[in-house]
Visitor: 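My structure is below; once you've seen it, I'll send some questions.
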Amino acid sequence: MSTFYITTPIYYVNDAPHIGHAYTTVVADAFARWHRLLGDDTMMLTGTDEHGLKIQRAAEENGVSPQEQVDSTSVLFRDAASLMNIANDDFIRTTEPRHHAAVQELMQRIYDNGYIYSDTYEGLYCVGCEAYYTEDELNDGNCRIHDRPAEQMVEENYFFKLSAFADQLLEYFEQTDGVVKPDGYRNEVLGLLKQELRDVSISRSSLSWGIPVPWDDKHVFYVWYDALINYATAAGFGADDAAFEKWWPNVTHIIGKDIIRFHCVFWPAMLLAAGITDLPKYYVHGWLLIGGEKMSKSKLNSVTPKQLIDGDDDQGFAAFGVDGFRYHFLRDPPFGPDSDFSYEQMITRYNSDLANQFGNLVQRVITVTGKKCGDVSPAPSADSPLAAVATEAYEATAAAWERAQPPIAFDATWRLIRETNEYLAANEPWKMEEGADVDRVMGDALEAIRIVTILASPAIPEAAQRTWERIGMEGNVEDQRLPEAAGWGAYPGGVALLSGDPLFPRLKG
RNA sequence: GGCGACGUAGCUCAGCUGGUUAGAGCGCUCGACUCAUAAUCGGGAGGUCGUGGGUUCGAGUCCCACCGUCGCUACCA
């Protein structure tokens with residue numbers, strides 16, 4: 001059995017959860033669920049990033065302690081994950097003691113290995129970015145992102161010798177296959193590595209809301225370096241060596257394209273500097289845009305997962321349910337490029353794929369079986385024309401996951417649904433007399449539904465489980481193991497079917 | 001400025017190392033059916049593959065130029 005460890009970025013608690021975070025988290029969860037189906041020992045991690053000057057100042061403004069400030073926001077992300085039915089195995093907060101310990105341990109190792117040195121840094125600093133800028137990176141002295149004046153700052157900093165790792169990193173990304181998916185982003189990483197790698201400042205003495213530098217307690221680590229280490233913390237770094245050795249060689253980070261530099265350059269360099277030679281793999285996605293613009297500036301920025309899952313009459317949002325919500329983000333945006341978030345597209349996708357094709361198929365098959373096959377379900381036939389379709393659907397689905405392309409995976413799975421609808425139309429079982437012929441057709445359809453239910457479960461876990469029960473299967477879909485469970489003929493027949501309300505009621509556009 | 005990506009049916013996109021009449025889903029339209037959530041099934045319309053050159057027996061698929069959109073170039077998923 002192999003292991004699979006997948007992470008989302010940890011979300012900065014300065015922001016409330018929006019559908020951009022939701023997208024990343026849902027995709028990560030679906031990957032984790034797919035790997036569990038494959039029988040991989042899987043761990044999925046998400047969490048919150050809670051240090052830094054922005055937090056410290058927000059707390060001051062609100063008249064609360066930084067800890068109170070982050071406690072109140074972190075829980076919003078935890079709740080959002082729960083609302084979206086995210087089956088994360090851990091939720092890390094960078095303010096936890098275990099993380100403090102891991103950061104200090106890892107940084108101390110880097111220091112002991114001679115890759116950290118002290119120097120002064122003077123420059124124009126944007127508090128919003130928590131970053132220094134040069135004059136020409138500013139717009140009339142104002143930060144281009146936050147449109148506020150950068151402040152002149154001088155501080156004693158510790159620097160990390162990033163420059164020492166250029167060759168090793170280049171070798172890793174050039175020679176190791178499939179490290180960065182989709183492939184296009186690998187080129188971006190190589191592009192970054194071929195520029196001059198300048199040493200980076202990793203500490204701050206100007207604030208206290210951070211993790212103290214163990215060899216100099218006047219400093220705290222700059223929030224980004226503290227944050228990156230969360231992935232190692234949760235895997236047991238410095239605390240549970242067996243766990244770390246188990247998970248770390250198989251870690252995959254899901255990240256947005258904007259944080260490639262941190263994750264693909266700084267982070268692996270830090271690992272190497274600390275003597276850790278297993279480096280992460282990456283799935284990189286683009287942004288969800290609205291009207292071609294990045295989410296944060298637009299009106300729909302305020303759309304929350306909850307509004308789309310539960311519906312919002314005031315705003316005119318339909319209730320997609322947790323599965324409808326998840327399915328859209330897994331099926332519509334191509335994984336990698338930027339794509340426009342479209343409410344209309346979300347409605348269309350839901351009605352077409354979930355209500356009309358899948359939900360309706362389940363409904364009609366159960367009804368016809370009940371009318372034509374007596375009290376119990378028939379078994380599938382070994383030589384069904386759908387058998388080959390099912391095999392193909394499974395193989396294409398699995399291949400798409402392997403390429404880190406959830407939209408293609410679900411498209412492949414849905415081909416089996418469409419073919420099953422065609423199969424029914426071609427055979428017209430509702431016109432047939434009770435007997436072997438109609439039993440064969442309905443057994444085949446039920447078997448196709450069983451397989452689809454498993455393959456679709458990473459996107460629509462709730463509806464998958466309900467479908468599983470309606471076709472008379474016992475236990476949980478998520479306990480099925482691929483590829484065996486996708487093999488044709490496993491549907492037992494002779495079980496009682498359950499009818500019920502539509503799994504996905506059609507939504508009004 | 002430098003590096004890079006993209007531009008294919010109304011929409012979202014597939015089209016690997018160049019090879020018969022350019023594909024899918026959705027949408028639209030006509031028809032069929034009635035088991036089903038006005039769902040499903042079949043047919044159809046619709047593209048000079050951004051523009052102009054070039055290489056080749058042959059290019060959406062390689063090369064050049066141009067136009068357009070966008071990203072990265074030290075920190076918003």
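Letters go in sequence order (proteins before strands), and every chain restarts at 1. Every value quoted in this text rests on a predicted model; they were computed, and no experiment measured them. Reckoned from all heavy atoms, side chains included, excluding hydrogens, waters and symmetry mates.
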Visitor: Return the set of residues passing ring pair (Phe, Tyr, Trp, His ring centres under 6.0 Å) with A:Tyr185 (not counting sequence neighbours), or none when no residue passes.
Guide: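 A:Tyr185 satisfies ring pair (Phe, Tyr, Trp, His ring centres under 6.0 Å) with no other residue.
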
Visitor: Considering residues at least two apart in sequence or located in another chain, which fulfil the salt bridge (Lys or Arg N to Asp or Glu O under 4.0 Å) criterion with A:Asp439?
Guide: none

Visitor: Which parts of residues 318-328 of chain A get close to RNA chain B, meaning a heavy atom less than 4.0 angstrom away?
Guide: none

Visitor: According to the Watson-Crick and G-U wobble definition with distances under 3.5 Å, which dot-bracket string, read 5' to 3', encodes RNA chain B, using [ ] for crossing pairs and | for pairs with another strand?
Guide: (((((((..((((.....[...)))).(((((.......))))).....(((((..]....))))))))))))....

Visitor: Taking only the side-chain heavy atoms of A:Tyr222 (C-beta and beyond), determine which of B:C75, B:C33, B:U37 contains the nearest atom.
Guide: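 Comparing B:C75, B:C33, B:U37 against the side chain of A:Tyr222, the answer is B:C75.
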
Visitor: Holding to ring pair (Phe, Tyr, Trp, His ring centres under 6.0 Å), I want the full list of residues that pass it with A:Phe325, two or more places apart in sequence or in another chain.
Guide: A:Phe329

Visitor: Any base atoms under 4.0 Å from A:Ile259, or only sugar-phosphate, or nothing? Heavy atoms, all strands.
Guide: sugar-phosphate

Visitor: Taking ring pair (Phe, Tyr, Trp, His ring centres under 6.0 Å) as the test, write out the residues that go with A:Phe77, two or more places apart.
Guide: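 Residues passing ring pair (Phe, Tyr, Trp, His ring centres under 6.0 Å) with A:Phe77: A:Tyr11, A:His21.
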
Visitor: If the condition is salt bridge (Lys or Arg N to Asp or Glu O under 4.0 Å), which residues does A:Arg415 pass it with, not counting sequence neighbours?
Guide: A:Asp411

Visitor: For nucleotides 40-44 of chain B, tabulate all protein N/O to nucleotide N/O atom pairs closer than 3.5 Å, reporting atom names and distance.
Guide:
from  : atom 1 : to       : atom 2 : distance (Å)
B:U40 : O2'    : A:Arg364 : NH1    : 3.2

Visitor: Once you apply a heavy-atom cut-off of 4.0 Å, does A:Lys371 come out as touching a base, just sugar-phosphate, or nothing?
Guide: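 Answer is sugar-phosphate: A:Lys371 comes under 4.0 Å of backbone atoms only.
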
Visitor: Nucleotide by nucleotide, 5' to 3', does protein get under 4.0 Å of the base (B), only the sugar-phosphate (S), or neither (-) in nucleotides 4-16 of chain B, counting heavy atoms?
Guide: ---------S---

Visitor: Determine the contact category for A:Ile260: base if any of its heavy atoms lies under 4.0 Å from a base atom, sugar-phosphate if only primed atoms, P, OP1 or OP2 are that close, otherwise nothing.
Guide: nothing

Visitor: Can you tell me if A:Lys54 touches the phosphate of B:C76, counting only side-chain N or O atoms and a distance under 4.0 Å to OP1 or OP2?
Guide: no

Visitor: Just checking A:Gly191: base, sugar-phosphate only, or nothing, at a heavy-atom cut-off of under 4.0 Å?
Guide: nothing

Visitor: Classify the nucleic acid contact of A:Lys372 as base, sugar-phosphate or nothing, counting any heavy atom under 4.0 Å across all strands shown.
Guide: nothing

Visitor: Apply ring pair (Phe, Tyr, Trp, His ring centres under 6.0 Å) to A:His328 and list each qualifying residue two or more places apart in sequence or on a separate chain.
Guide: A:Phe341

Visitor: Checking all strands, does A:Val200 fall into the base, sugar-phosphate, or nothing category for heavy-atom contacts under 4.0 angstrom?
Guide: base

Visitor: Taking only residues two or more places apart in sequence or in another chain, which ones pass side-chain hydrogen bond (donor to acceptor under 3.5 Å, both in side chains) with A:Thr8?
Guide: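 side-chain hydrogen bond (donor to acceptor under 3.5 Å, both in side chains) check on A:Thr8 returns A:Thr46.
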
Visitor: Return the set of residues passing side-chain hydrogen bond (donor to acceptor under 3.5 Å, both in side chains) with A:Arg186 (not counting sequence neighbours), or none when no residue passes.
Guide: none

Visitor: Taking NZ, NE, NH1 and NH2 as the nitrogens, is one of them in A:Glu469 or A:Arg466 under 4.0 Å from a carboxylate oxygen of the other?
Guide: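 No, A:Glu469 and A:Arg466 are not salt-bridged.
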
